[in-house]
Trainee: 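Take a look at the following structure, please.
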Amino acid sequence: MVERIASIYNVEDLNFQLPTWYIVLMSQTHEKIFDFEEGKYLHLWPLPEVAGINQDYDADENYPGFFLIGTYGIGEACAIETETGNIYTIPFIGDIPDNATYIGSTLEDLLVYLQDPW
């Protein structure tokens, strides 16, 4: 099922596999926004657009080893490490991977992290 969804949304040509949780969640909605307290939010980009967004950010060059899947404001991107599938936050400007923050491996890990106060 995940392979079929990936094929439909043209993400099967990536040189790594997106996590199943991301493909399943994003195949059910165009985009997903989670709102948290203190103005925090998580905006996961639409599955049909995520590869193009990575091209627009020149992610292969600017964020080697990572694939951007969204943002949570404050100049930070939410990214998947292509080698492991782990979730990180990384600054849109800064040294990668020195400024990458490991979050976990699941959507739940990311949501827990974003619910912590600033």
Trainee: Nearest 0.5 Å please: distance from the CD1 atom of Ile80 over to the CG atom of Asn86.
Mentor: 8.0 Å
Trainee: Quick one: side-chain hydrogen bond (donor to acceptor under 3.5 Å, both in side chains) partners of Asn54, sequence neighbours excluded?
Mentor: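 Asn54 satisfies side-chain hydrogen bond (donor to acceptor under 3.5 Å, both in side chains) with no other residue.
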Trainee: According to side-chain hydrogen bond (donor to acceptor under 3.5 Å, both in side chains), who are the partners of Asp60, at least two apart in sequence or on a separate chain?
Mentor: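 Partners of Asp60 under the side-chain hydrogen bond (donor to acceptor under 3.5 Å, both in side chains) test: none.
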Trainee: Could you give the distance from CH2 (Trp45) to CG (Leu68), rounded to the nearest 0.5 Å?
Mentor: 5.0 Å
Trainee: Where is the tightest heavy-atom contact between Ala100 and Ile90, given as atom of each residue plus distance?
Mentor: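 It is CB-CG2, 3.5 Å.
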Trainee: Once rounded to the nearest 0.5 Å, what's the spacing between atom CG of Leu18 and atom CD1 of Ile69?
Mentor: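 It is 8.0 Å, given to the nearest 0.5 Å.
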Trainee: Give, for atom CG of Leu25 and atom CG of Leu47, the distance between the pair rounded to the nearest 0.5 Å.
Mentor: 9.5 Å
Trainee: Restricting to ring pair (Phe, Tyr, Trp, His ring centres under 6.0 Å), what partner residues turn up for Tyr88, sequence neighbours left out?
Mentor: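 Tyr88: ring pair (Phe, Tyr, Trp, His ring centres under 6.0 Å) contacts with Phe66, Tyr102.
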Trainee: Output all residues satisfying side-chain contact (heavy atoms from CB on, under 4.5 Å) with Thr89, sequence neighbours left out; order by chain, then residue number.
Mentor: Tyr72, Glu76, Thr101, Ile103, Tyr113
Trainee: Apply side-chain hydrogen bond (donor to acceptor under 3.5 Å, both in side chains) to Ser105 and list each qualifying residue two or more places apart in sequence or on a separate chain.
Mentor: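 Ser105 satisfies side-chain hydrogen bond (donor to acceptor under 3.5 Å, both in side chains) with no other residue.
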Trainee: Testing the basics here: between Asp109 and Gly104, what is the closest heavy-atom pair and its distance to 0.1 Å?
Mentor: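 Result for this residue pair: OD2-CA, 3.4 Å.
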Trainee: Please say yes or no: joined through hydrophobic side-chain contacts below 4.5 Å, possibly via intermediate residues, are Leu42 and Val112 part of one cluster?
Mentor: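 No, it is not one cluster - the side chains of Leu42 and Val112 are not joined through contacts under 4.5 Å.
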Trainee: Residues in side-chain contact (heavy atoms from CB on, under 4.5 Å) with Asp56, at least two apart?
Mentor: none
Trainee: So which heavy atom on Gly85 is nearest to which on Pro19, and how close?
Mentor: O-CG, 3.9 Å
Trainee: On the 0 to 90° scale, with breaks at 30° and 60°, tag the Tyr57-Phe92 ring pair as parallel, tilted or perpendicular.
Mentor: parallel
